[in-house]
Amino acid sequence: MTSLTWTRRRASVARFWRRYRRRKAGLYGLGALVLIALAALAAPLLVGGDVQSVTHAPGTALEPPSREFPLGTDQFGRSLSGLLLWGARVSLAVGLLAAALSVAIGTLIGVLAGHYGGWFATVAMRVTDWFLVMPSLVLAIVLATVMSRSMWTVILAIGITSWPTTARLVRAQTIAVESRPYIERAKALGGGHRHVMTRHVLPNVMPLVLSQTTLCISTAILTEATLAFLGLGDPTVVSWGGMLQDARETGAVSSGHWWYLAPPGIAIAVVALAFTLCGRAVESVLNPRLGAGR
């Protein structure tokens, strides 16, 4: 039975990949993400850990791009290309973890509200509506301000303010799944709430959850960059948003030091676009509303 299950799963993954490959935009996005992720993972080997050191900076302040420093240097003389690679590690990690937390909260609330209904769904959806009408960035700024400044604070602030959209989508899909005949049969045969939700509902909403996760990652990365740009990020780590904040404080905008602003800004835009392209491609393959064979 186990080998049959794994055979079906491998066949499902192969079928998904065949359909995904037909989306050229999704392939471009996936290729860009793979390259960026490999560069971020290899940062300690490519540039070393001393690239973040202020006291051992190899160059002078605000040098323009050159052969030694392809992207120039910052106000301390550190190589911006090395900082960009190290910043990718933090920005990607925050985006992935914050999106995972957000989608997990939204999925849990959506499945519970769709399954139980009644007063619980009413209360859960009113709380969801409150979070929807409140600007998530403002709530994240408030949380990041009142809590200690660290990377985990940023992850928590983004995760607990950006789940309502996922909760509403998952609740709608849960209600659609619960109306199917096999759910009625499972309940008639003695299946409890936990059995129905974990064995029948959750597997059917997971395609929607997966596509929503890829779309949430780009939003989380942009929010992290915004918080860091406002000075609410972790000052002890290098991130793309933190690089933009340092450039602003240095006066790179008014002094014309474009090489300090352009690399992190372009990197944020490219990663957000790549995740969006992957998310749209995954959604078109897996989302039941769009049709699996589309």
Side-chain angles (χ1 to χ4, degrees), residues 20 23-41 84-107 110 131-132 135-141 143-144 151-152 154-170 206-230 232-234 237-245 261-287 290:
Y20 186 91
R23 278 75 179 175
K24 291 185 178 181
L27 286 178
Y28 293 147
L30 181 62
L33 290 178
V34 169
L35 291 176
I36 294 171
L38 290 177
L41 292 174
L84 195 70
L85 288 177
W86 275 102
R89 297 167 66 91
V90 175
S91 295
L92 290 177
V94 170
L96 291 169
L97 293 175
L101 176 61
S102 171
V103 171
I105 296 174
T107 302
F131 274 93
L132 278 174
S136 59
L137 179 60
V138 174
L139 292 176
I141 290 174
L143 289 175
M151 186 177 75
W152 296 107
V154 173
I155 293 172
L156 186 64
I158 297 172
I160 64 177
T161 57
S162 56
W163 56 266
T165 302
T166 303
R168 280 212 163 271
L169 292 173
V170 171
M206 280 308 295
L208 179 63
V209 171
L210 179 59
S211 62
Q212 184 66 15
T213 301
T214 56
L215 294 174
C216 286
I217 293 173
S218 61
T219 303
I221 291 175
L222 291 173
T223 305
E224 185 277 331
T226 303
L227 293 177
F229 180 75
L230 295 175
L232 300 175
D234 189 346
V237 298
V238 176
S239 70
W240 291 338
M243 292 175 67
L244 290 175
Q245 163 68 1
L261 290 167
I266 293 175
I268 292 170
V270 168
V271 171
L273 177 61
F275 272 113
T276 301
L277 293 176
C278 289
R280 294 301 182 190
V282 170
E283 186 180 33
S284 66
V285 174
L286 295 180
N287 194 338
L290 298 178

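Trp86 is not listed as a side-chain neighbour of Val90, based on a closest heavy-atom distance of 4.5 Å or more. Ser239 has its side chain out of reach of Val94: every pair of non-hydrogen atoms, C-beta onward, lies at least 4.5 Å apart. Annotation: side chain of Leu222 is in contact with side chain of Ile268 (closest heavy-atom distance under 4.5 Å). In this structure, Leu156 and Leu143 have side chains that are not in contact, with every pair of non-hydrogen atoms separated by 4.5 Å or more.
Ile160 CD1 to Ile155 CD1: the interatomic distance, rounded to the nearest 0.5 Å, is 12.5 Å. Note: Asp234 CG to Leu227 CG = 12.0 Å, rounded to the nearest 0.5 Å. With rounding to the nearest 0.5 Å, the separation of CZ in Arg280 from CZ in Phe275 is 15.0 Å. Note that the CG atom of Leu230 and the CG atom of Leu137 stand 7.0 Å from one another [nearest 0.5 Å]. With values rounded to the nearest 0.5 angstrom, Leu210 atom CG is found 10.5 Å from Glu283 atom CD. Note that CG of Leu92 and CD1 of Ile36 are 7.0 Å apart. Values are rounded to the nearest 0.5 Å.
Applying the side-chain hydrogen bond (donor to acceptor under 3.5 Å, both in side chains) test to residues at least two apart or on different chains, the pairs with a partner in residues 93-107 are Ser102-Ser162.
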Query raised in the report: What do the steps show when you test Gln212 against Val170 for side chain to side chain contact (heavy atoms under 4.5 Å, CB included), and what is the final call?
Result: CA-CA 10 Å; Gln212 184 66 15; Val170 171; over 6 Å; no
**Report entry** From CA spacing to verdict: side chain to side chain contact (heavy atoms under 4.5 Å, CB included), Leu97, Trp152
**Finding:** CA-CA 9 Å; Leu97 293 175; Trp152 296 107; 3.9 Å; yes
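With sequence neighbours excluded, no residue forms a salt bridge (charged side-chain N to carboxylate O under 4.0 Å, His left out) with Arg89. By the side-chain hydrogen bond (donor to acceptor under 3.5 Å, both in side chains) test, Ser91 is found to be paired with no residue, residues two or more places apart in sequence or in another chain being considered.
Side chain of Trp240 to backbone of Leu84: a donor-acceptor contact under 3.5 angstrom is found.
A pairwise comparison of heavy atoms in Ser136 and Thr161 identifies CB-O, 3.4 Å as the closest pair. Shortest non-hydrogen contact noted between Leu244 and Leu261 is CD2-O, 3.5 Å. Val103 approaches Cys216 most closely through the heavy-atom pair CG2-SG, 4.1 Å. Contact record, Val154 with Gly233: CG2-CA, 4.1 Å, taken as the closest heavy-atom pair. Considering all non-hydrogen atoms of both residues, Gly242 and Ala228 come closest at N-CB, 3.4 Å. Taking all atoms of both residues into account, the shortest heavy-atom contact from Thr213 to Ala99 is O-CB, 4.3 Å.
Residue Tyr20 qualifies as enclosed at atom OH: its count of foreign heavy atoms under 6.0 Å is above 12.
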